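Note sheet for the following structure.
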Amino acid sequence: MAVRKVTAKKMVTKKALSKKWVYLFAEGNKDMRDLLGGKGAGLAEMTNAQLPVPPGFTITTEACNTYVALGKKFPKGMLKQTLAAMKQVEKQTGKKFGDAKNPLLVSVRSGAKFSMPGMMDTVLNLGLNSETLTGIEALTNNPRFAQDAYRRFIQMFGRIVMGIEAKKWDAIFDGVKEKFHAKQDTDLGVDGLKEVVVKYKELYKAELGEEFPEDPYKQLELAIGAVFGSWMGKRAVDYRRINKIADNLGTAVNVCTMVFGNMGDDSGTGVAFTRDPGTGENELFGEYLVNAQGEDVVAGIRTPMKIAELKEKNKKVYNEFHKIARRMEKHYREMQDLEFTVERGKLYMLQTRTGKRTARAAVNVAVQMVNEKLITKEEAVQRVDPQQVVQLLMPQFDYKAKEEATKVGKLLAKGLNASPGAATGLAIFDPDTAEKLGKEGKSIILVRYETSPEDVHGMYASKGILTQHGGATSHAAVVARGAGLPCVAGCEGIRVDEEKKQFTAGNKTIKEGDSISIDGGSGEVFAGEIRTVLPDYDKDENLKLLLSWADEIRLRKSRKGMENAPELGLQVWANADYPRDARMARRFGAQGIGLCRTEHMFMETERLPIVQKMILAKNDADRQVYLDQLLPIQRGDFIGLFEAMEELPTVIRLIDPPLHEFLPSYEELLVKSTELRMRIEYMHKDDVDNSSEKARLKETEELLNAVKGMKEANPMLGLRGCRLGITMPQITKMQTRAIIEAACILKKRGVNVHPEIMIPLVGHVNELKNQREILEAEAKKVIAEQGIELEYKFGTMIEIPRGALTANQIAEYAQFFSFGTNDLTQTTFGYSRDDAEGKFLLKYVEDKILPENPFQSLDQIGVGRLMQIAVKEGRAVKPGLKVGICGEHGGDPSSIDFCHRTGLNYVSCSPFRVPVARLAAAQAALAKVVKDK
Ligand code: PEP
Ligand code: MG
């Protein structure tokens, strides 16, 4: 082991000899971010653009990596190159590092490729010692300024480089201020500052057992080592873990000539964005602080002025800065975040980087820049994160109001961020009350242990849903996403008591009618109301324009040469069960319906009793009676759906969930029958007539037995999907008839409908064959009865691994495939989608056992691999086989990218995610084009 270690070290050292570790600002450019870090690359680019950047140099990220690999030793040659670079800087500035008469002072800053909290921040005024101090005093003719610069340097060096706690420095400073009766820092005169310097040096010695370093080169060496060391510091490492940044990027060190913003009222320092980062408005946005150094702005001791005020106070500087800002934006073709300092009226640029912005600003800036011919439509489409689009479609909490609520302890718990958006309303614990109050115009948050299809009416009448149990594909989450309602699911930090109509979170209790607020984007649940901001998609011209560009891109030929894949990019369809969802989906740009879950229609209050009787019927003849009652109702549903979709393809899936979901709970029936029995046997023993109770008992016990007969240990893997249609073919027939009759009726009205009928949960080709025979026979019969020609498609879901693995057989009997990735994830991993997220999955993600929740973002190498097999083998048998996805992943950007690469024809997602998917699909198409080049 030891021998090998030495060899590795040797190799690093050998390689190191010939390496260039240090770059003058003029030697770099903006494309060298890997080597020079973001800040270094920006300084280099500005220098080469002839902007007023103080001279300096950057020590590379490779030097940092080598320093770490060598066990905290500088790579050979690095210090020598640093000295040479310093000589160049001395030449450029006409000053000398460590010279008593005309000293050069520098700042030392870290600068990784991505801006990263937790890294060592800035040390200013490095190079000061008792000799150079006198030089600064003489040159500036300002002893106070010189002493102030010195005490700042000792403090920053001692704290940041050597790690002596901030509070120890503050205690000394505050003590001297008190002694000299100075209220503000600026009230402290030369004598006071001198005393601070002496005491600071004493502290340094007491803490570290050595004198404060006088040698500027020693100071520089220690500071560089500290920057490199901070790359592996705990905070930086943690940040990288959370944000998935690689450890081997390393940080650069920037050494830059000091310029002073604190040399009087003609000096100052500022930060500014080239556009408003909140709204995207095209005007300078930022702050400027007169007579101050950068750290004063950060410390917030004095209130800076708005950058617009600088225009009045110092027109010359403002105009120059404004010109530079415009130039930088043109140069980078991107909104910039700039730092600058004015020293005695002269402007210096200290940093430029891409400006962070809100979702609103991201869309507005992207569109404006296309209009200004600064960027192309393709670039604009790539500049907006699809997740940001969600923020523009959903109500959001006012940022400040939410922060305030958290601060005052109103955050009750955090669950799964199941459907984005924010809502405030009264906590209501049953769907009927929710519906009643919702209709009265009250804002309701429906709180349930978990929801079931019987709750849908109450869910739709609410502004948001909160459940204690269930994951990203739970009923609550799926329905909420479909309806565009915010939802926090699987919030195990609360205890819901539906009987008592209350929930508890720790020692707090929320009762029926109390106000609560939920943030479905973050999973947070608050007590009380929080102010919300409402968006309006129809009036959002910039967003609609950006999405129209995304459509142009996405629907181009972006998959040329991809074997067996459609040439054009992904279409975006929607999952919608009701006409109003379908209309919403079209408003958001959906090109079809990829999944209508017909069973949701069965759950409505007036239909459920008929459905229950149909399920519990003792024989086929009885069952047919109830199916006949359901037929016109379903036909009506489909007419509504086809009317909303007109000529667009509409995929209707036949009944899927386990039948017990339609029946009363076994446990509740057991309690009810036991109560009745006890009443009859003990309390009414001598009553003459208890026949009505006896009749109720009989009825309840019959129902109990029937429900018991249907009870399954593992309903998700039980009698559901096509297995239902096979055991009860009459259901398949009724649904087929309802679909085809509805389509014929519309066709007669002149609407060219395109129904597609889909069979769920197929694992063996014979299952599909069976259903197809029943379905085709019935469809043929109906078409003949209706006397009109009608084309329809017949396809299957691929949501069982065996289905995917035998796609070649299945494709012979299907005109299309649609991946049900909710079930495919469940069955591939063997995780119950009802329980996994509440029980262990979130911990799995937290502990990095899984990189992501596979129910939210597709597991591309596992579940995705099955999809690739199915696409390839399906199309081998049937070239041009249409393939889509309708699991929740159809609205997830990285899963959409995978679907593009896998050659799917469309993704189908809940209506509110359609705009997100349009943008993500365009980005996927562009990425593919880039990769193809
Ligand atoms: C799926 O399994 O991905 C799917 C869309 O069907 P459901 O969620 O209704 O089971
Ligand atoms: Mg499914």
Side-chain angles (χ1 to χ4, degrees), residues 418-419 451-453 456 470-482 489 573-578 581 592-603 651-659 661-662 714-725 735 756-763 767-768 795-804 816-837 853-859 863-864 866-867 870 883-892 895-896 898-899 904 906-911 913 917:
S419 175
T451 63
S452 75
V456 169
T473 64
S474 66
H475 178 265
V478 171
V479 172
R481 276 197 293 272
W573 296 14
N575 296 353
D577 303 336
Y578 303 98
D581 298 347
I593 286 185
L595 175 64
C596 164
R597 292 175 163 106
T598 48
E599 63 271 10
H600 287 175
M601 299 164 166
F602 283 174
M603 301 289 182
V651 178
I652 297 173
R653 179 184 72 185
L654 302 191
I655 191 167
D656 179 49
L659 287 183
E661 282 195 13
F662 299 94
N714 234 328
M716 268 296 182
L717 301 177
L719 182 59
R720 57 170 292 221
C722 62
R723 301 158 204 168
L724 270 175
Q735 290 201 296
E756 305 195 2
I757 306 178
M758 181 160 78
I759 306 297
L761 228 67
V762 169
E767 292 176 315
L768 192 65
T796 182
M797 295 191 74
I798 300 288
E799 48 185 351
I800 299 287
R802 195 184 184 285
F816 65 90
F817 284 174
S818 178
F819 287 108
T821 43
N822 302 334
D823 273 311
L824 195 57
T825 300
Q826 166 172 258
T827 47
T828 302
F829 275 95
Y831 295 162
S832 154
R833 55 194 266 202
D834 286 340
D835 298 309
E837 281 150 313
N853 178 347
F855 288 106
Q856 284 182 337
S857 195
L858 193 71
D859 161 47
V863 177
L866 286 169
M867 292 170 68
V883 185
I885 178 175
C886 62
E888 292 306 303
H889 307 89
D892 168 65
S895 312
I896 291 171
F898 176 83
C899 291
L904 265 58
Y906 66 86
V907 294
S908 185
C909 55
S910 43
R913 291 203 77 86

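Just so it is clear, the model here is predicted, and its values are computed rather than measured. Remember, it's 1-based here, ligands and their atoms both numbered in the order they're listed.
- For M716, the heavy-atom gap to ligand 1 stays at 4.0 angstrom or more.
- Looking only at heavy atoms of the protein, atom 3 (O) of ligand 1 is closest to N822 N, 2.7 Å.
- Between D656 and R720 there is a salt bridge, with a side-chain nitrogen of the basic residue lying less than 4.0 Å from a carboxylate oxygen of the acidic one.
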Next on the checklist: side-chain contact (heavy atoms from CB on, under 4.5 Å) for V479 and T451? Distances and angles first, verdict last.
Outcome noted: CA-CA 10 Å; V479 172; T451 63; over 6 Å; no
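- Taken to the nearest 0.5 Å, the OG atom of S857 stands 12.5 Å off from the CD atom of E888.
- Below 3.5 Å of separation, one finds no N or O of E888 facing any N or O of ligand 1.
- Neither the backbone nor the side chain of L824 has a heavy atom within less than 4.0 Å of ligand 1.
- Of the candidates R597, R720, M758, it is R597 that places a heavy atom closest to atom 7 (P) of ligand 1.
- At a heavy-atom distance under 4.0 Å, only side-chain atoms of D656, from C-beta outward, approach ligand 1.
- Under a 4.0 angstrom heavy-atom cut-off, M797 registers as being in contact with ligand 1.
- Residues A418 and A477 come closest through the heavy atom pair CB-CB, 3.7 Å.
- The Mg ion (ligand 2) sits nearest to atom OD2 when only the N, O or S atoms of D823 are considered.
- Near C886, meaning under 4.0 Å from any of its heavy atoms, are these atoms of ligand 1: 5 (C).
- Nearest approach of L904 to M867, heavy atoms of both residues: CD2-CE, 4.3 Å.
- Here F816 contributes atom CZ and M797 contributes atom CE; the two are 9.5 Å apart, rounded to the nearest 0.5 Å.
- Of all heavy-atom pairs between Y831 and A836, the closest is CB-CB, 3.9 Å.
- Here is the list of ligand 1 atoms found below 4.0 Å of a heavy atom in L595: 5 (C).
- If you look at R833 next to ligand 1, the close heavy atoms, those under 4.0 Å, all belong to the side chain.
- A donor-acceptor pair is defined here as one N or O able to donate and one able to accept, closer than 3.5 Å; no such pair exists between the side chain of N714 and the backbone of M716.
- Here the N, O or S atom of E799 that is nearest to the Mg ion (ligand 2) is OE1.
- Distance check, rounded to the nearest 0.5 Å: SG of C596 to CD1 of I757 gives 11.5 Å.
- Of the polar atoms of R653, at least one N or O is found under 3.5 Å from an N or O of ligand 1, judged by distance alone.
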